[in-house]
Amino acid sequence: MDKLTEKFYELECSHLQPEVRISMEKLGEVLDDEFFEFGSSGGVIKRSELGGDHILKPDSMEIQCFAMHELGPSAVLTTYQLYNRNTEILTNRSSVWKKRRNGWKLFFHQGTVSTEEVFQ
């Protein structure tokens, strides 16, 4: 894995850590102010809606088949599969990261339940 790909792998892992998922302060360090997500449940979640009823589950997760795609000098797309060890659910994931003055921030995220490994 090259250094840039490794950097984005670490960024993806950062918001999957249980201690980050349950802390709006720590999650806020990762998410862009304009963040939104198409969730695996079919709903749309915006950063402004996180917290309260939309707290993230601190499940144990594993990234598989990670890839990074440069979209330009200040935007990156990551794709991977995520295995949730608690629920035993596999999802296809994609994220768009934007470079901001204070570093790379997660701008968009999408998850779709999968029944098989598709990124090989």
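In what follows, residues are counted from 1 in the order of the sequence shown.
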>> Is the ring pair W104/F8 parallel, tilted or perpendicular, if the boundaries are 30 and 60 degrees?
In response: perpendicular

> Which of parallel (below 30°), tilted (30 to 60°) and perpendicular (above 60°) describes Y80 and H109?
Replying inline: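 The arrangement is tilted - the two ring planes meet at 30° to 60°.
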
> Are L82 and Y9 in one and the same hydrophobic cluster, where Ile, Leu, Val, Met, Phe, Trp and Tyr link if side-chain heavy atoms are under 4.5 Å apart?
Replying inline: yes

>> With a 4.5 Å cut-off on side-chain heavy-atom distances among I, L, V, M, F, W and Y, is there a chain of contacts connecting V113 to M61?
In response: no

> With sequence neighbours excluded, what pairs up with Y83 under the ring pair (Phe, Tyr, Trp, His ring centres under 6.0 Å) test?
Replying inline: none

> Of all residues at least two apart in sequence or in a different chain, which pass the ring pair (Phe, Tyr, Trp, His ring centres under 6.0 Å) check with F108?
Replying inline: F36, F38

>> Please enumerate all residues that pass side-chain hydrogen bond (donor to acceptor under 3.5 Å, both in side chains) together with T5, with sequence neighbours excluded.
In response: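 Residues passing side-chain hydrogen bond (donor to acceptor under 3.5 Å, both in side chains) with T5: D2.
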
> Got a sec, which residues hit side-chain hydrogen bond (donor to acceptor under 3.5 Å, both in side chains) with Q110, two or more places apart in sequence or on another chain?
Replying inline: S94, T112

State the [atom1]-[atom2] distance between [X] and [Y], to the nearest 0.5 angstrom.
X: Q81; Y: I63; atom1: CD; atom2: CD1; value: 11.5 Å
X: E37; Y: I45; atom1: CD; atom2: CD1; value: 5.0 Å
X: K7; Y: W97; atom1: NZ; atom2: CH2; value: 10.0 Å

> What residue pairs, at least two apart or across chains, pass salt bridge (Lys or Arg N to Asp or Glu O under 4.0 Å) with a residue in residues 77-92?
Replying inline: E62-R85

Could you pull out every donor-acceptor pair under 3.5 Å between side chains of residues 68-78 and any protein atom, sequence neighbours left out?
residue: H69; atom: NE2; partner: T79; partner atom: OG1; Å: 3.2
residue: T78; atom: OG1; partner: E12; partner atom: OE2; Å: 2.5

> So, do K105 and K98 sit near enough that their side-chain heavy atoms are less than 4.5 Å apart?
Replying inline: no

Quiz: residues 28-35 side-chain donor-acceptor pairs under 3.5 angstrom, not counting sequence neighbours:
residue: D32; atom: OD1; partner: R100; partner atom: NE; Å: 2.6
residue: D32; atom: OD1; partner: R100; partner atom: NH2; Å: 3.2
residue: D32; atom: OD2; partner: E34; partner atom: N; Å: 2.9
residue: D32; atom: OD2; partner: R100; partner atom: NH2; Å: 3.3

> Which pair of non-hydrogen atoms, one from H15 and one from L106, has the smallest distance, and what is that distance?
Replying inline: NE2-CD2, 3.8 Å

